[in-house]
Structure formats: C-alpha cells, structure tokens
*Asks:* 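Sharing a structure with you now.
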Amino acid sequence: MNTVRFGGICGWMLPVLFCTFCFLSAQTYALKYTGRILLGSFTSRERFGVPSAGSYSNDFATLSERLRLNVSEIANRNLQFTLDLRDKHDFFDKLDRERLELTGNNTFQVRQLSSHYENASHSLFGTIGRFPVSEAGDTHADGVEFGGCLSRSTRLAGFAGLNPKTAGRTYLEFTPQAQAFGAYLLYEPVNRSWNQYLYLTNAVSAQMVSGVTDRLFWFSNLVWQWNSGNRLVTLLYLDFIPRLYVQNGQLSYFHEWMKNLSTTLAVSIIDVIEYSRRSGLRERLEPSPYREGSVSARYVFSPSLNLVASGLYGSRLADSLLKKEVSLGLSSPRLFSPHFSGYATLGVRHHFTSDDIVMRVGLGYYSQLWEITVDQNYSIEKDNNGTTDHPIVSEGAIALYLSRALYGTCSVQYAHDQAVDIFSTFLQIGYRFGNEAIPTVRDGAPPRGRL
C-alpha cells in the first residue's frame, strides 16, 4: 500500500508542482517551456479453451501516468532542462502465496532528469543528470556527457556514469553496481536541399556490472536520402563482449523507378528480447533470434488507388522454423475523400508451423477533430498436425482532439481462435502545455506505408 500511495502522490502532485514552476519561471524570466501530461490504462482478458498452468484465464491491467517537461533558453539561452517522470501500476503483477492470488505492484521511474549546456558558438556542449544517449543507441546514463563540434556538421562526445537500463526491462532504475561509458561521432550536414538528407552516427559503448565488462558494442545508424527517389536507412548493434555477433540490425532501401513505381527492400536481424517485443497476440512459440528479408512494390494508378505487392522470408535460429509470405493488395489514401483511407490484401504464407491464407482489410477517417481506424484480419490456418483453425483479429481505434492542447485516444482489440479468446482495451488522455506554439492537427488521411 505504501508503494502504491507513493506512486500516486508522485504521479499527481509532481505535475502540478512543475506546471506551477514553469508558469512562474516563464512569467519572471521569459523562459520557453513545453510539456505534456499523459494518463493511460491498458487491460487485457484472456480465456483459454484448454487450461494453461492450471488456469483458464490470464488477465492483465495497468494504470500509467507520465509528465514530460522541457525548459529552454536558461542563462542567456545556453542551458536547457528536461524532466520525464513515469508511474505505472500493475494490478496483477505479484503472486501473493498466502492468499494464492495476484496482487498489484507500483513502479515509479525518473526516465530523464538532466541539464544540457551548449555555448552560443555551439562549439562545446555537455549534459549532466539522467539522460538518454540516442547517438549511442538504446543507451542511458546517470552521469555526464561532454563534447564539442569539430565543424558545423560534426559532433564528437563522450559519456560516463551509472547504467540505469537493465537488459530486457523497459523501465529505468538506480543501479549503483552498473556503469556505462562510451563515445560517439555524429555527422549531419546542414544547408542541404529539401529532398536531400544525411544523418550518420557511430558509437562505441561499454557496460559494466560490479567491475566486470558485461557488454561492449558498436552502434551505427545511417539515414541517407540523396534525392526524393532514393532513401537508405541502416541500424546496427555489433557486440564484441560477451561474444562477437550482430545483436540487432536493420537495412531498408527505398527506390523510385519511375513516377508511378517504387520498391522497398528490407533486411533485419533481431535477438530474443526484440523477438518477444514484436511477437503477435497469438504467438505460441518460445522467443528466438530471428532473421528476415522482405521486398515490396507499389504502383500508383491514381492519387486514390495504389497496387501493392510484397513478400518476405524469415528464419528462427533456435529451431530453424521458416516464415514465408506473399501478398497482393489495393490501398487508397483518398478512398471517398481526402479524409478517408483504406486497404485490402490477400496473401498466402507458411507461418513456422502452419500453412495459411490471410485476408486483411482496413478503413480510416481523419479530420482535425477525429481519427477513427478499423482493421480486420481473418485467416485459414492448417497446422502441421493436421488441424485447421480460423482465427479472427479485430482492431479499432478512436482519437478525439478536444482542443489543440487536450486530446484522448481509445483502442480495442479482439482475437479469437480455437485455443484462446483475447479482449484488450487501451485508453489515454493527454494534455499539452507551454508558451510555445503547438503544431496544428492534421486534417486529412496520412500516406500509407507497407501493408
């Protein structure tokens, strides 16, 4: 009870205190500040046809709160302050062995609490506190970062401190026995034309636990668009310790052959942790390192009708099971008007242990006040053991913009097959505040990517 009460107090009192701080600071010192308060919940109800671990059900419910605040132009516009607080309560997290039931657990984290300094000439910069080092991948530090600009396009920096991030966990916590340090080189040219862009970062990072090097890796990220018809994106985590291997990697290349025809080639390598994050609702196999290659082609008949064809080939390293899929579909970014979009696809696949026929349809409506999307997936799956299943996955989402500052979203997902029924809901209310302009809300359907 004390933990829950502490989390609730932090979740509700701190936003009020810091909003008051921002207001007073902005009025007194003419600082710039922006912030966001989010309150959300996620619930899931699972019912099994055959008991799993002695139970016919598996329920999940969480309540989360978040406050993010950014204050800039402090001390002659050279200093910036960032705060990100998150509080999450899991209602079925811990097993109470005396009562033989699951009880709640509260997790409060300071996601970011840092001050960033950059002098007027932009030649030197530094950060102190808890902060992410995005130039070095999924790296966080409770410590310091210091660097300089070698040119207008090149930044070199090093960082060191305690490591609040534990492998396999999404939240951060104070861990005095774990350290992280490294350096990165960032290259991002300025004054390029509107259809050209280049971003390249390379970093070496080490993570230690109780004085022993737990992980040493090289991170590289490239985003290169040399014209509007060619774009290359790469992401690489190459580990040296505990062994030499590619932990996660991705390559995506987009090429426009002519005005109406374009293709996208993608290759990805992921580890067990990333596999479990990407697994679908109905995934029954144990997580495994995974390799996948895919290609898709889009032909634009008109601004309101596109033909999309795609195929992929993937392999699990743990058991050599394969995934193969080919699909063909139509998409429309302007189905009835600029406010509507839709798609429909039909495909065949071998999904590790079954041969499937897959159908997908979706419809979306977008305006300055509402965003509504509905997606329906239906497949016929013939398993290797001879059984046939007809799973259905239905999803719906609604976003309502009460104003440019206040908005809410709600989504529902239902999945059914012969083994399980899953019904989940997600609800979020957000409020944006600050003394800087808030971007306008999109008034029309966004362009659709790969189906």
*Asks:* Mind checking what makes side chain to side chain donor-acceptor pair (under 3.5 Å) contact with Glu325, not counting sequence neighbours?
*Replies:* Arg360
*Asks:* If only atom types and distance count, is the side chain of Asn435 paired as donor or acceptor with the main-chain N or O of Thr34 below 3.5 Å?
*Replies:* no
*Asks:* Side chains of Leu261 and Val300: closer than 4.5 Å at any heavy-atom pair?
*Replies:* no
*Asks:* Report yes or no: does Ser310 contribute a side-chain atom to a donor-acceptor pair with the main-chain N or O of Ser296 at less than 3.5 Å?
*Replies:*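 No; zero donor-acceptor contacts below 3.5 Å.
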*Asks:* Return yes if some donor-acceptor pair links the side-chain N/O of Gln196 with the main-chain N/O of Trp226 below 3.5 Å, else return no.
*Replies:* yes
*Asks:* Are side-chain N/O atoms of Ser331 and Arg298 paired as donor and acceptor at under 3.5 Å?
*Replies:*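 Side chains of Ser331 and Arg298: pair found under 3.5 Å.
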*Asks:* Under a plain distance cut-off of 3.5 Å, with no hydrogens placed, do Ser114 and Thr127 share a side-chain donor-acceptor pair?
*Replies:*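 The answer is no; no qualifying pair exists.
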*Asks:* Where do Ile398 and Glu371 land on the side-chain contact (heavy atoms from CB on, under 4.5 Å) test, with the steps shown first?
*Replies:* CA-CA 6 Å; Ile398 298 177; Glu371 288 192 8; over 6 Å; no
*Asks:* Between Asp383 (side chain) and Gly386 (backbone), is there a donor-acceptor pair under 3.5 Å?
*Replies:* no
*Asks:* Does Glu286, at its CD atom, have more than 12 non-hydrogen atoms belonging to other residues, nucleotides or ligands within less than 6.0 Å?
*Replies:* no
*Asks:* Do Glu73 and Tyr33 have a side chain donor and acceptor closer than 3.5 Å?
*Replies:* no
*Asks:* Any heavy-atom pair between the side chains of Gln112 and Pro132 that's under 4.5 Å?
*Replies:*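 In contact.
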*Asks:* Fit a plane to each ring of Tyr431 and Phe433, take the angle between them on a 0 to 90° scale, and name the class: parallel (under 30°), tilted (30 to 60°) or perpendicular (over 60°).
*Replies:*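 Taking Phe433 first and then Tyr431, their aromatic rings lie parallel (interplane angle under 30°).
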*Asks:* We want to know whether Tyr187 and Asn202 form a side-chain donor-acceptor pair, criterion being a heavy-atom distance below 3.5 angstrom.
*Replies:*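 Short answer, no.
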*Asks:* Return the set of residues passing side chain to side chain donor-acceptor pair (under 3.5 Å) with His351 (not counting sequence neighbours), or none when no residue passes.
*Replies:* none
*Asks:* I would like to know whether Phe42 and Phe426 meet ring-ring contact (aromatic ring centres under 6.0 Å, His included); could you show each step before the answer?
*Replies:* CA-CA 5 Å; Phe42 174 79; Phe426 172 76; 7.1 Å; no
*Asks:* In terms of side-chain geometry, is the basic nitrogen of Arg152 or Glu188 positioned less than 4.0 Å from the acidic oxygen of its partner?
*Replies:* no
*Asks:* Is there a side-chain contact between Ser288 and Val272 in this structure, where contact means two heavy atoms from C-beta onward sitting under 4.5 Å apart?
*Replies:*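 The answer is no; the side chains never approach within 4.5 Å.
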*Asks:* Give a yes-or-no answer on whether the side chains of Glu256 and Ser262 include a donor-acceptor pair shorter than 3.5 Å.
*Replies:* no
*Asks:* Verify side-chain contact (heavy atoms from CB on, under 4.5 Å) between Ile392 and Gln376, making sure each step is shown before the conclusion.
*Replies:* CA-CA 8 Å; Ile392 298 175; Gln376 180 69 55; 2.9 Å; yes
*Asks:* Taking the six-membered ring for Trp, are the ring centroids of Tyr299 and Phe301 within less than 6.0 Å of each other?
*Replies:*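 Ring centres of Phe301 and Tyr299 closer than 6.0 Å.
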*Asks:* Cation-pi between Arg316 and Tyr290: NZ/CZ under 6.0 Å from ring centre and within 45° of the ring axis?
*Replies:* no
*Asks:* Would you say that Thr139 contacts Phe159 through its side chain, given a criterion of any heavy-atom pair below 4.5 Å between the two side chains?
*Replies:* yes
*Asks:* Answer yes or no: is there an ion pair linking Glu292 with Lys324, defined by an N-O contact shorter than 4.0 Å?
*Replies:* no
*Asks:* Does the Ser151 side chain pair with the main chain of Thr154, one donor and one acceptor, at a distance under 3.5 Å?
*Replies:* yes
*Asks:* Using a 4.5 Å cut-off on heavy atoms from C-beta on, say whether the side chain of Phe131 contacts that of Val133.
*Replies:* yes
*Asks:* Applying the side chain to side chain contact (heavy atoms under 4.5 Å, CB included) criterion to Leu200, which one of Thr234, Val223, Leu222 satisfies it?
*Replies:*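 So the option named by the test is Leu222.
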*Asks:* Checking side-chain contact (heavy atoms from CB on, under 4.5 Å) for the pair Tyr199/Leu186: CA distance, chi angles, key distance, verdict?
*Replies:* CA-CA 8 Å; Tyr199 174 93; Leu186 171 65; 3.3 Å; yes
*Asks:* In the structure I gave you, are the side-chain heavy atoms of Glu46 and Ser44 within less than 4.5 Å of one another anywhere?
*Replies:* yes
*Asks:* Got a donor-acceptor contact below 3.5 angstrom from the Glu135 side chain to the Thr201 backbone?
*Replies:*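 Pair absent, no side-chain N/O of Glu135 close to backbone of Thr201.
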*Asks:* How are the rings of Tyr253 and His255 set to each other: parallel, tilted or perpendicular (split at 30° and 60°)?
*Replies:*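 Tyr253 and His255: parallel rings.
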*Asks:* Ion pair present between Arg349 and Asp356, side-chain N to carboxylate O less than 4.0 angstrom?
*Replies:* yes
*Asks:* So, do Leu402 and Leu369 sit near enough that their side-chain heavy atoms are less than 4.5 Å apart?
*Replies:*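 Counting from C-beta outward, Leu402 and Leu369 never come under 4.5 Å.
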*Asks:* Just one of Val110, Asp84, Thr82 clears the side chain to side chain contact (heavy atoms under 4.5 Å, CB included) bar with Arg130, so which one?
*Replies:* Val110
*Asks:* Under a 4.5 Å cut-off applied to non-hydrogen side-chain atoms, are Arg291 and Tyr313 in contact?
*Replies:*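 A side-chain contact under 4.5 Å is absent here.
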*Asks:* Just by distance, do the side chain of Gln428 and the backbone of Leu38 share a donor-acceptor pair under 3.5 Å?
*Replies:* no
*Asks:* Does the pair Asp87/Arg111 count as a salt bridge with the N-to-O cut at 4.0 Å?
*Replies:*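 Salt bridge between Asp87 and Arg111, a charged N being under 4.0 Å from a carboxylate O: no.
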*Asks:* As a quick check of understanding, evaluate side-chain contact (heavy atoms from CB on, under 4.5 Å) for Tyr171 and Glu173, giving each step before the final call.
*Replies:* CA-CA 7 Å; Tyr171 61 88; Glu173 58 185 350; 3.9 Å; yes
*Asks:* Short question: side chain of Ser332, backbone of Ser304 - any donor-acceptor pair under 3.5 Å?
*Replies:* yes
*Asks:* Honestly, is Arg334 close enough over Phe340, meaning NZ or CZ under 6.0 Å from the six-membered ring centre and within 45° of the axis?
*Replies:*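 Pair Arg334/Phe340 does not count as cation-pi.
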